[in-house]
Peer 1: 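Quick one: this structure, given as structure tokens, is what I'll be asking you about.
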2 protein chains.
Amino acid sequence: MVQDFTSVEEFSQILQDLPVPDASARAAAEARNAQLTKPPGALGRLEDLAIWYCGWRGDARARITAPQVIVFAGNHGVTAQGVSAFPAEVTAQMVANFETGGAAINQLSRCFGAQMSVQALQLEAPTADFTKGPAMNEDAFVAALRAGWEAVDPAADLLVVGEMGIGNTTCAAAISLALYGGEATEWTGRGTGVEGAALAHKAGVVARGVAANPSSHGNGLEALRCLGGREIAAMAGAMVRARTCRIPVILDGFICTAAAACLEHSSAGALDHVVAGHASAEAAHGRLLDRLGMTPLLSLQMRLGEASGGALAIGILQGALACHSGMATFDEAGVSDG
Amino acid sequence: MVQDFTSVEEFSQILQDLPVPDASARAAAEARNAQLTKPPGALGRLEDLAIWYCGWRGDARARITAPQVIVFAGNHGVTAQGVSAFPAEVTAQMVANFETGGAAINQLSRCFGAQMSVQALQLEAPTADFTKGPAMNEDAFVAALRAGWEAVDPAADLLVVGEMGIGNTTCAAAISLALYGGEATEWTGRGTGVEGAALAHKAGVVARGVAANPSSHGNGLEALRCLGGREIAAMAGAMVRARTCRIPVILDGFICTAAAACLEHSSAGALDHVVAGHASAEAAHGRLLDRLGMTPLLSLQMRLGEASGGALAIGILQGALACHSGMATFDEAGVSDG
């Protein structure tokens, strides 16, 4: 199996030859689950999550002890079109906030015992305005994919990726439109606070961007290159690296899910190691999760990005594995099993 | 304010004179929330939870450091009517499992740093079969309320209560029917695994129980005494004690919520310090939460009881308070606020 890449073609080859779960560990986890001191199925989705996780980790009694959170930041030429309520300088200001520990994701990472890092990707050099052509050339795209790939700690046992990038809900909307079609307005949401006429304008920018990049239509990696940004490509690169390391991934919100959709569109099953952490209040997120057949773990009206919804869901997975791997069986506990 | 009770009348007096949140701490928490480095409202429900929690704790920058989980166990005379898929001996067997650390709730409590205890309430003396009259006389009822009251650690800063009691979804269904009316079948669910003809039989037992206890109709404390069990009354007693200590409470599933409903029915606003932890797969739970105007934090198809769904939600509240109390403000971080 190819374990590294220096071109889009090599990255694409990795995507076509991804590892699969350990069937025997998964079967052993299923057998264990059936013996735990609870009525069958009474832990609901926690049981499915635990079995899924054990399969990926190759351990029928796995636990989560080393979660990793990575926030990728990028700037976007499309902000010149006036698509955000915040100025682009906020991206760098928030990176500084991540670095000094003041952001929501710092608190959530600490709360659930996750190692957290931020990767600022050439903030001084925004991607090109995609209403005028591709956001990235191939070299810039590969560099962004590689930034994500290299940021993953192979010793982590769970990965949450997130982003910061003023303007990037516009990118996510454009990617979604390029991959799934429909109307630009269906995929365009308020982001950090765009409403009314500004929202209609944003949808127009999305439509123009997709029209200006015909190679992105129905093509996951081209959509990621032409309509994404460095932080979006980096999230995709990190998800694929995690797959090669058998590290399960929790998605954050709309932008993160758009990055994931590019992978699934390029290689069916590429997200088998991925679970949706939450349903964002950004309306298009639910639509995108539906297309991917994913049911989010949480639905708390969050719409912050920066990996926050995914990080909050770490606790759900930790709880699921704590139950699965820590509970007594009926035999061990001397409990009658009905 | 009365701070203890030795009769139902005194308990009822406490219920009519409950403390309210600290308005100035709440206002200060709201003001702080508006200054945190995120777009307004971007943390969704986490923001509401944090402000609510800070109001109850009287601290605009509160954190959760001492959560408590209590599992109350009781046995039920109504099991003589054949309403459960498990034998009544399982209650005591599961109590032993809680005590040796083998149950789901042990793992979840540890996962979220909660102090956990189990209170077995006279398992050798089941409550009376409520199809033949009240489950408890006044003395037994007061003793059960007091067991819950006394189990709360006044130094805890969050409380989750749960239960174990073969047959107790039958009690919860009967309480719900007595308080809210409708058909017994609407409130009767599968519990630990009752289906088909056995489920129809269970609904019939529920209807007979309510018919046999006319004082329970539309009367919260009478429903709790006549149709509840020791563990259900104890959960209610613990919730009220938590209120007097300004300790916010997370509800578990259907049975726990039925206990809560008795309080709200007796004193509107009695659950202002309470949040619903999860939506159980027991269908009547959603119906009951609707009647109480509560939106659960989680919906993961769990139906185990023993405080498991509530305990899993501890992580959500911990995350909410970590963000609220740990994040930098726009001024502190030097971030432009749009």
Side-chain angles (χ1 to χ4, degrees), chain A residues 36-46 49 85-87 89-90 93-94 96-97 100-104 106-108 110-112 191-193 281 297-306 308 311-312 314-316 318-320 322-329 332-338, chain B residues 36-46 49 85-87 89-90 93-94 96-97 100-104 106-108 110-112 191-193 281 297-306 308 311-312 314-316 318-320 322-329 332-338:
Chain A
L36 299 177
T37 44
K38 58 178 181 52
L43 281 172
R45 200 159 169 207
L46 298 195
L49 287 167
F86 283 72
E89 298 83 70
V90 167
Q93 292 168 351
M94 281 300 297
N97 196 24
T100 55
N106 299 96
Q107 322 313 317
L108 292 169
R110 191 178 308 121
C111 189
F112 297 106
T192 51
L297 295 174
L298 302 173
S299 184
L300 294 165
Q301 297 295 306
M302 296 169 71
R303 53 179 174 81
L304 178 59
E306 69 181 52
S308 57
L312 192 62
I314 293 173
I316 304 298
Q318 286 174 326
C323 288
H324 175 83
S325 297
M327 284 174 71
T329 63
E332 288 166 355
V335 174
S336 309
D337 63 351
Chain B
L36 299 177
T37 45
K38 57 177 181 53
L43 281 172
R45 199 160 171 208
L46 299 195
L49 288 167
F86 283 72
E89 298 83 70
V90 167
Q93 292 167 350
M94 282 300 297
N97 197 25
T100 55
N106 299 95
Q107 322 314 317
L108 291 169
R110 192 178 307 121
C111 190
F112 297 106
T192 52
L297 295 174
L298 301 173
S299 184
L300 294 165
Q301 295 296 305
M302 296 169 70
R303 52 180 174 80
L304 178 59
E306 70 183 49
S308 56
L312 192 62
I314 293 173
I316 304 298
Q318 287 173 325
C323 288
H324 175 83
S325 297
M327 284 174 71
T329 63
E332 288 166 355
V335 174
S336 308
D337 64 350

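Every heavy atom of this structure was used, including side-chain atoms; hydrogens, water molecules and symmetry mates were not. Just so we're clear, the structure is a prediction, and the values are computed from it rather than from any experiment. Lettering of chains follows the sequences in order, A, B, ..., and the numbering in each one begins at 1.
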Peer 1: Taking side chain as C-beta onward, heavy atoms only, is A:Leu49 less than 4.5 Å from B:Leu300?
Peer 2: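 Not in contact.
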Peer 1: Against chain B, work out which of A:Ala96, A:Ser308, A:Gly41, A:Ser299 has the most heavy-atom pairs shorter than 4.5 Å and name it.
Peer 2: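 Maximum pair count with chain B is reached by A:Gly41.
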Peer 1: Calculate, to the nearest 0.5 Å, the distance between atoms CD and CG belonging to B:Gln107 and A:Leu36 respectively.
Peer 2: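 Going from the CD atom of B:Gln107 to the CG atom of A:Leu36 covers 9.5 Å.
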Peer 1: Please classify the contact between A:Ile316 and chain B as side chain, backbone, both or neither, with a heavy-atom cut-off of under 4.5 Å.
Peer 2: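 Contact with chain B involves both backbone and side-chain atoms of A:Ile316.
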Peer 1: Identify the two heavy atoms, one from A:Met94 and one from B:Thr37, that lie closest to each other, and give their separation to 0.1 Å.
Peer 2: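 So the minimum-distance heavy-atom pair works out to CE-O, 3.8 Å.
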Peer 1: What part of A:Cys111 lies closer than 4.5 angstrom to a heavy atom of chain B: side chain, backbone, both or neither?
Peer 2: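 Only the side chain of A:Cys111 comes within 4.5 Å of chain B.
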Peer 1: For the residue pair A:Lys38 and B:Leu304, what are the closest heavy atoms and their distance?
Peer 2: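 So the minimum-distance heavy-atom pair works out to CB-CD1, 3.7 Å.
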Peer 1: Hey, could you give me the SG/CG distance between A:Cys323 and B:Leu312, rounded to the nearest 0.5 Å?
Peer 2: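 Going from SG on A:Cys323 over to CG on B:Leu312, the span is 7.5 Å.
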Peer 1: As an exercise: rank B:Arg303, B:Glu89, B:Arg110 by heavy-atom pairs under 4.5 Å with chain A and give me the winner.
Peer 2: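 Top option by heavy-atom pairs under 4.5 Å: B:Arg303.
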Peer 1: Report the residues that fulfil side chain to side chain contact (heavy atoms under 4.5 Å, CB included) with B:Gln301, sequence neighbours left out, ordered by chain and then residue number.
Peer 2: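 B:Ala281.
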Peer 1: What part of A:Leu297 is in contact with chain B, defined as an atom under 4.5 angstrom from a non-hydrogen atom: side chain, backbone, both or neither?
Peer 2: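 When you check distances to chain B, atoms from both the backbone and side chain of A:Leu297 fall under 4.5 Å.
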Peer 1: Looking at A:Ala311, A:Ala333, A:Gly44, A:Gly319, which makes the most heavy-atom pairs under 4.5 Å with chain B?
Peer 2: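 The residue among A:Ala311, A:Ala333, A:Gly44, A:Gly319 with the greatest pair count is A:Gly44.
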Peer 1: For the atom pair CG (A:Asn97) and CD (B:Glu332), what is the distance rounded to the nearest 0.5 Å?
Peer 2: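 CD of B:Glu332 is found 9.0 Å from CG of A:Asn97.
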Peer 1: In Å and rounded to the nearest 0.5 Å, what is the CG to CG distance from A:Leu108 to B:Leu43?
Peer 2: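 One finds 7.5 Å between CG of A:Leu108 and CG of B:Leu43.
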Peer 1: Does any heavy atom of chain B fall under 4.5 Å from the side chain of A:Thr100, the backbone, both, or neither of them?
Peer 2: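 For A:Thr100, there is no contact with chain B at all, as no heavy atom is under 4.5 Å.
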Peer 1: Out of A:Ala320, A:Gly102, A:Ala42, which one racks up the most heavy-atom pairs below 4.5 Å with chain B?
Peer 2: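 The residue among A:Ala320, A:Gly102, A:Ala42 with the greatest pair count is A:Ala42.
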Peer 1: For A:Asn106, enumerate each residue passing the side-chain hydrogen bond (donor to acceptor under 3.5 Å, both in side chains) test, keeping only those at least two apart in sequence or located in another chain.
Peer 2: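 Per chain and number, A:Asn106 pairs via side-chain hydrogen bond (donor to acceptor under 3.5 Å, both in side chains) with no residue.
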